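In what follows, every heavy atom counts, from backbone to side chain, and hydrogens, waters and symmetry copies are set aside. None of the values given here were measured: they were computed from a predicted structure. By convention in this document, chain letters (A, B, ...) are assigned in the order of the sequence lines, proteins followed by strands, and residues within each chain are numbered from 1.
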2 protein chains.
Amino acid sequence: MKKIPSIGEAEWQVMNVLWEKGEATFSEIRSALKEHSWSQTTIHTMLTRLIKKGVVAIKEGISPYVFYPLVSREECRKHETFSFLKRVYNGSVKLFLANFVNDVELSDREIDELLKMLEKCKTTEQPSEGENDNA
Amino acid sequence: MKKIPSIGEAEWQVMNVLWEKGEATFSEIRSALKEHSWSQTTIHTMLTRLIKKGVVAIKEGISPYVFYPLVSREECRKHETFSFLKRVYNGSVKLFLANFVNDVELSDREIDELLKMLEKCKTTEQPSEGENDNA
DNA sequence: ATCTATATTCTACATTTGTAGTATGCAATT
DNA sequence: AATTGCATACTACAAATGTAGAATATAGAT
């Protein structure tokens, strides 16, 4: 698992475009972000910084540059999740969840889905006898 | 619910002391933070900024200032949680949870506890007949 | 070769955050 | 009153982030 740098609020927006498109030229990125009234250079600056941070790269040799992500959204999300947990909850998952189920008003449907996920998780987690998990 | 400003990593550490102690003089804060090798002025700067942000205040008139928090840890945690959800998961609780139960390796015990919390939550949420929740 | 539009780079500036030196105020002590 | 020590304030600086103007390059049209 590679080192994930910190990614700012606005940078996430740019990354989102890249993650959703897989790869994109600058104008594609720009038009995908047109709802944000960012100037072109602003977007370019962010791309440059993301490249410097090692999370975005350019396909070399092609006329209009093609940008693509070097890290997966999942990796970044995971990284953010843990840094959030650490900062705000001293890393206590338990504490976090106790607050979370209160703060976020989950619908009954969401709760049920979550329950299902957790049940599945439990079965998968415990390696009692069947150590072979064929996904 | 008052406006919660953004609170940085290091600032959280200071807030934690205040939240845990309820109130504290500077030296108390300093000694509570001694594991971080911060210079005194660093801590003071953070307190000043937290005051400017409106999340900490000083009990006026007393010899060594007594600092105390103006916002609860719960409020701040909630605020951080939502801003995290928004930034990283576009606000999708569902998406977040699906990833979360995978990323965080919950022990079976934790899963059980969470299941219990959720069940309770479900009962509490639906206001079918018993609208009166005596905590 | 020149013009024009798009592509790409460089530079700049404000704000937030982490970090800390220096200076001043005040109080107890000699 | 001068000294010493803690309390409080002022100032400074670097890195990260959001934001964008200005300059240059490059390609296609004239």
Establish, with yes or no, whether the OP1 or OP2 oxygen of [N] is under 4.0 angstrom from a side-chain nitrogen or oxygen of [X].
X     : N      : answer
B/T42 : C/dA20 : yes
A/Y65 : D/dT26 : no
A/W38 : D/dG18 : no
A/K53 : D/dA15 : no
A/S6  : D/dT17 : yes
B/T45 : C/dT17 : no

Using modelled atom types only, decide if a donor and an acceptor are shared between the side chain of [X] and the backbone of [Y] within a distance under 3.5 Å.
X      : Y      : value
B/R73  : B/N16  : no
A/T42  : A/W38  : no
B/E113 : B/E110 : no

Find the distance [X]:[atom1] to [N]:[atom2] and express it as a whole number of Å.
X     : N      : atom1 : atom2 : result
A/H44 : C/dA12 : NE2   : P     : 19 Å
B/I7  : C/dG18 : CD1   : P     : 10 Å
A/Q40 : D/dT24 : CD    : C1'   : 15 Å
B/W12 : C/dT17 : CH2   : C1'   : 16 Å
A/L47 : D/dT17 : CG    : C1'   : 15 Å
A/Q13 : D/dT17 : CD    : P     : 15 Å
B/M46 : D/dA9  : CE    : C1'   : 16 Å
A/I62 : C/dA7  : CD1   : C1'   : 14 Å

Close side-chain approach of A/R30 to A/H44, heavy-atom, < 4.5 Å: no

[X] side chain, from C-beta outward: closest of [options]:
X     : options                : value
A/S27 : C/dA20, D/dT19, C/dA7  : C/dA7
B/R30 : D/dA7, C/dT19, D/dA20  : D/dA7
A/R49 : C/dA12, D/dA20, C/dG18 : C/dA12

Sugar-phosphate, base or nothing in reach of B/T25, heavy atoms under 4.0 Å: nothing

Touch class at under 4.0 angstrom, heavy-atom based, for B/K52 against every strand present: nothing

Distance, nearest 0.5 Å, that separates NZ of A/K52 from CG of A/L47: 14.0 Å

Reported CH2-to-CZ distance for the pair B/W19 and B/R77, which is rounded to 0.5 angstrom: 7.5 Å

Residue whose nearest DNA chain D nucleotide is more 5′ - B/F26 or A/E9: B/F26

Residue closer to the 5' end of DNA chain D, B/I58 versus A/T41 (nearest nucleotide): B/I58

Consecutive-pair stems (3 or more, Watson-Crick or G-U, under 3.5 Å) for DNA chain C: C:1-30 with D:1-30

Pairs meeting criterion side-chain hydrogen bond (donor to acceptor under 3.5 Å, both in side chains) with involvement of residues 83-93 of chain A, two or more places apart: A/R87-B/E80

Single-linkage hydrophobic cluster, 4.5 Å side-chain cutoff, A/L70 and A/I51 together: no

